[in-house]
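In the text below, chain A, chain B and the rest are named by the order of the sequence lines, each starting its count at 1.
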Amino acid sequence: MNDDEALMLAIQGGDSKAYESAVRQHIKALSHYAYRMLGNSKDTEDITQEALLRLWTHANSWRADKASVSTWLHRITHNLCIDYLRKDKSNVTGELNDEHESKDRPASVPEQNERLDALKNALELLPERQRSAIILSHYQGFSNKEIAQVMDISVDALESILARARRGLRAQLSDLQAS
Amino acid sequence: MTALERFEQLMAIHGSDIDRWPIDEQLPARQLLSESVTAQALHNDQLALDALLDAIPVPTMTAMEKRIIRNVSAETRSSLLDKVIDWIVPRGGSLSTWAWRPALVACLPLVCGIYMADFYSFGIESTENSWQEELYLISMNDYAEFSE
């Protein structure tokens with residue numbers, strides 16, 4: 001029995017300490033994923049909390065032979081984010097571009113800042129599936145097989161999505177450099 | 001598909017870090033990268049993109065994480081209470097299961113009462129007192145017999 005199985009078995013048995021330990025283990029990755037998908041803190045908090053609650057209430061639906069706990073939790077978070085984005089796109093705010101973050105950047109590299117802003121905008125404008133694939137691949141460090149599990153698509157479909165996303169972002173950056 | 005096209009495709013799928021590419025593609029990719037200027041330019045573009053992606057910040061969310069941990073932990077505590085209630089009055093199960101558990105819980109005050117009464121010896125403070133009282137009662141009996 002691996003660590004995931006032991007932990008989930010304890011949670012399924014109602015062990016609240018095991019649950020708390022799992023929450024502490026996964027909260028950062030899930031909240032960062034949700035933030036990068038939604039772009040604002042308030043919705044990130046709601047989605048992350050709901051995903052972690054489901055770890056407690058839906059623990060019995062986890063299957064060791066299908067996915068790791070991390071992949072399973074990312075899948076829950078992913079579905080919640082997609083539902084949220086489809087329900088009310090107007091709520092997605094560009095907090096990533098907020099003033100408080102701009103202040104942290106070095107003023108000596110305006111060109112770099114301009115490119116960073118352009119990339120953020122380009123990321124926000126990507127279709128949901130492309131954005132999700134890039135975030136899971138680049139930031140969350142999942143393999144393509146794991147990302148396909150999170151997004152519930154085939155590995156071939158995922159690779160096509162990833163290629164389109166990276167080519168699109170590269171093209172936008174090249175355009176910016178040329179102009 | 002030419003080697004260069006394949007190189008570009010793999011980079012679009014897996015990113016700039018060749019270590020994350022499929023094992024059998026890594027050696028030819030590195031070879032092409034060392035020889036082809038076009039491959040190097042493509043790789044540099046992807047490196048620049050990856051570096052910019054790394055530079056996009058995520059704010060520190062420590063307070064939010066603490067709030068979430070507090071909220072979800074509270075949820076498990078109330079669920080535990082639900083579990084106790086579920087055990088006492090099961091939602092499913094046989095009639096006997098449904099009957100004996102509430103009966104057991106209802107008997108608890110009686111068991112507690114018996115235990116407490118036994119512990120406090122029904123108001124008799126000590127064994128010594130009870131012996132004294134008993135002797136006193138015997139002596140009263142004897143006195144009554146003599147007086148008759």
Side-chain angles (χ1 to χ4, degrees), chain A residues 11 14-17 19-20 23-24 27-28 30-33 35-36 41-42 44-46 48-50 52-53 55-57 95-96 98 100-101 104-105 112-113 115-116 118-120 123 134-135 137-139 141 143-144 158-167 169-174 177, chain B residues 1 5-23 25 38-39 41-87:
Chain A
I11 294 171
D15 183 342
S16 55
K17 284 210 171 108
Y19 172 67
E20 260 191 58
V23 167
R24 285 177 198 281
I27 191 168
K28 202 171 279 295
L30 296 181
S31 60
H32 282 203
Y33 174 62
Y35 184 81
R36 289 188 193 280
S41 308
K42 195 201 165 295
T44 296
E45 181 165 352
D46 293 345
T48 310
Q49 184 165 311
E50 179 57 32
L52 289 168
L53 275 176
L55 168 64
W56 179 253
T57 56
E95 198 180 289
L96 283 169
D98 271 3
H100 73 276
E101 284 176 8
D104 297 338
R105 292 184 218 149
Q112 172 84 355
N113 288 346
R115 294 182 66 186
L116 203 56
L119 182 64
K120 282 177 197 171
L123 259 178
I134 283 285
I135 294 168
S137 171
H138 187 84
Y139 296 109
S143 69
N144 287 358
L158 168 78
E159 292 188 343
S160 164
I161 289 169
L162 270 174
R164 274 205 303 276
R166 283 202 173 97
R167 281 178 186 136
L169 291 175
R170 266 207 323 257
Q172 293 225 16
L173 281 185
S174 301
Q177 249 171 342
Chain B
M1 189 184 281
E5 283 169 342
R6 178 72 183 144
F7 181 85
E8 191 283 329
Q9 188 185 38
L10 286 167
M11 202 164 57
I13 292 170
H14 301 284
S16 63
D17 184 2
I18 296 176
D19 289 338
R20 290 187 68 185
W21 293 19
I23 305 270
E25 303 277 6
T38 317
L42 278 169
H43 192 241
N44 285 340
D45 280 353
Q46 187 60 49
L47 278 173
L49 173 63
D50 287 351
L52 273 179
L53 283 171
D54 286 337
I56 296 177
V58 167
T60 314
M61 296 186 274
T62 319
M64 185 200 80
E65 286 169 12
K66 279 183 186 164
R67 262 197 315 277
I68 291 176
I69 290 171
R70 200 173 52 235
N71 291 347
V72 295
S73 301
E75 194 66 27
T76 62
R77 275 195 291 275
S78 65
S79 295
L80 195 66
L81 182 69
D82 288 343
K83 280 189 176 176
V84 172
I85 292 167
D86 281 349
W87 185 86

- Message: Just to verify, which of B:Ile69, B:Ile68, B:Asn71 counts as forming a side chain to side chain contact (heavy atoms under 4.5 Å, CB included) with A:Leu52?
- Response: B:Ile68

- Is it the backbone or the side chain of B:Asp17 that comes under 4.5 Å from a heavy atom of chain A, or both, or neither? neither

- Query: Is a donor on one side and an acceptor on the other found under 3.5 Å between the side chain of A:Ser137 and the backbone of A:Ile134?
  - Reply: no

- Message: Less than 4.5 Å to any heavy atom of chain A: does that hold for the side chain of B:Asp45, its backbone, both, or neither?
- Response: both

- Part of A:Glu20 within contact of chain B (heavy atom distance under 4.5 Å): side chain

- Query: Is any side-chain heavy atom of A:Tyr19 less than 4.5 Å from a side-chain heavy atom of B:Val72?
  - Reply: yes

- Task: Under 4.5 Å, counting heavy-atom pairs only, tell me which of A:Leu162, A:Val23, A:Leu119 racks up the most with chain B.
- Result: A:Leu119

- Give a yes or no answer on whether the side chain of B:Trp21 reaches the backbone of B:Gly15 with a donor-acceptor pair at less than 3.5 Å. yes

- Note, B:Arg67 side chain near A:Gln49 side chain (heavy atom, < 4.5 Å): no

- Message: Does any backbone or side-chain atom of A:Leu55 lie under 4.5 Å from a heavy atom of chain B? Answer side chain, backbone, both or neither.
- Response: neither

